[in-house]
Amino acid sequence: MPELPEVETTRRGLAPWVSGRRVRRVEVREPRLRWPVPEGLGARLSGARILGVRRRGKYLILDTEAGAVLLHLGMSGSLRIVDAGTPPGPHDHLDFVLDSDRVLRLRDPRRFGAVLWGGDRPEGHRLLRALGPEPLDPGFDGSWLHGRARGRRVAVKPFLMDARVVVGVGNIYANEALWAAGIDPRRPAGRIARARYERLARAVRQVLGAAIEAGGTTLRDFVREDGRPGYFARTLNVYGREGRPCPRCATPIRRIVVGQRSTFWCARCQR
DNA sequence: CCGGACGCCTGTCGGC
DNA sequence: TGCCGACAGGCGTCCG
């Protein structure tokens, strides 16, 4: 599900509901996520004030005065704010009950998501430490991509989806950005000129920015904190559009597999 | 170091 | 109608 735009949409929606609130208690109905939900989470958090919600890549960081919680939505996760007393559905695995009588609730049918203890320095957590730059920050540009691609023979699409290269770009937005930049997704990363990486970096920024403005992409599971979907799906140019005409040249969009992931592209526009 | 494949899970959809 | 395979927004880990 969630790539950077969906996680950022979630962060923005959540922040006003959780910032400044205290956690009354944590209810874990299903601790078996990607990793087990830490045993002592509730004990640590009970009574602690939430200071804010940050995002790093596809991770959310819930900062509290007792330490930070790391949240990841995996493929099918979503976080919502519901009224206390709202009965949980089958895949509503965990609640943070707030002193406002609202509940921050995690739903994750496939359980690829995670809820982890981040401690006092969550950015030093082993899962966050090796992450590359934020694509919307100034440290990310064509030179960075070009430099990281030196000598790499991996296809540019999995290269772009590698969180050590740049965070937040998943399958949907990798497809879209490569189409926008006119680059063949199978092209070896080290065989792309700097100027084309400048185009690609701009495309990544543009696509992610537009998707955030649209509230993210909803294919099936993703909903915002209030249950509404994101509307970027109607803006997708290639993802999920096999056989439909390329919006730029009308050539039918093709689907192939690159790096074990579905890849949609226009063989005429992308070279 | 690098690239590629594999699981982890549940749900949905299309074809027969 | 029912069954079965393919596929799904991620990513850590393992293998050669």
Side-chain angles (χ1 to χ4, degrees), chain A residues 1-10 29-37 55-60 70-79 89-94 106-116 125-132 135 148-178 185-191 204 207-208 211-212 214-224 229-243 255-264:
Chain A
M1 160 245 249
E3 305 181 36
L4 186 149
E6 292 73 39
V7 179
E8 177 61 18
T9 296
T10 298
R29 284 176 290 272
E30 174 56 86
R32 296 174 302 166
L33 305 183
R34 175 80 197 262
W35 294 278
V37 176
R55 180 188 57 73
R56 178 74 177 101
K58 298 175 192 170
Y59 289 88
L60 288 173
L70 304 181
L71 301 162
H72 196 287
L73 299 178
M75 287 279 259
S76 60
S78 59
L79 286 163
H91 302 295
D92 290 340
H93 304 311
L94 186 142
L106 174 70
R107 172 175 300 183
D108 185 4
R110 293 177 73 180
R111 292 194 271 124
F112 290 170
V115 178
L116 298 167
H125 191 281
R126 71 176 187 98
L127 294 174
L128 303 196
R129 216 172 354 182
L131 294 181
R148 292 305 304 266
R150 244 187 102 96
R152 300 286 307 275
R153 282 190 296 220
V154 67
V156 63
K157 180 168 173 259
F159 170 75
L160 188 60
M161 293 172 66
D162 182 344
R164 294 166 302 183
V165 173
V166 58
V167 294
V169 183
N171 201 29
I172 295 181
Y173 300 111
N175 280 297
E176 294 296 313
L178 287 165
R186 302 165 301 177
R187 182 176 280 270
R191 287 272 153 89
V204 166
V207 169
L208 295 180
I212 291 170
T217 300
T218 296
L219 297 180
R220 40 174 65 80
D221 297 304
F222 176 68
V223 291
R224 309 186 216 190
Y231 299 114
F232 195 69
R234 56 181 76 161
T235 312
L236 296 175
N237 288 301
V238 289
Y239 183 85
R241 300 179 62 82
E242 181 181 16
R255 177 188 175 278
I256 57 176
V257 174
V258 179
Q260 295 97 241
R261 308 299 298 275
S262 272
T263 299
F264 300 89

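What you are looking at is a predicted structure, and each value in this text was computed from that prediction instead of being measured. Reckoned from all heavy atoms, side chains included, excluding hydrogens, waters and symmetry mates. The sequence lines fix the lettering, A, B, ..., with proteins before strands; numbering per chain opens at 1.
- Distance CE (Met161(A)) to P (dG9(C)): 8 Å, rounded to an integer number of Å.
- Here Arg261(A) reaches the OP1 or OP2 of dG10(C): one of its side-chain N or O atoms lies under 4.0 Å away.
- As rounded to whole Å, 11 Å separates atom C1' of dG7(B) from atom CZ of Arg110(A).
- Judged by atom type and distance alone, Arg111(A) does not reach the base of dC9(B) through any side-chain donor-acceptor pair under 3.5 Å.
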Original post:
For DNA chain B, what is the dot-bracket line, given that a base pair needs Watson-Crick (N1 to N3, plus N6-O4 or O6-N4) or G-U wobble (N1-O2 and O6-N3) geometry with both distances under 3.5 Å, and | means paired with another strand?
Top reply: .|||||||.|||||||

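- Between dG9(C) and Tyr173(A), no contact under 4.0 Å exists linking OP1 or OP2 to a side-chain N or O.
- For the side-chain hydrogen bond (donor to acceptor under 3.5 Å, both in side chains) with Asn171(A), the lone residue among Glu176(A), Lys157(A), Glu3(A) that qualifies is Lys157(A).
- As rounded to whole Å, 19 Å separates atom P of dG10(C) from atom CG of Leu70(A).
- Positionally, the nearest nucleotide of DNA chain B for Val154(A) lies more toward the 5' end than for the other of Val154(A) and Pro90(A).
- In this structure, His72(A) reaches the dC11(C) phosphate: one of its side-chain N or O atoms is under 4.0 Å from OP1 or OP2.
- The separation between Arg164(A) atom CZ and dT13(C) atom C1' is 12 Å, rounded to whole Å.
- Look at Ser262(A) and you'll find a side-chain N or O under 4.0 angstrom from OP1 or OP2 of dA8(C).
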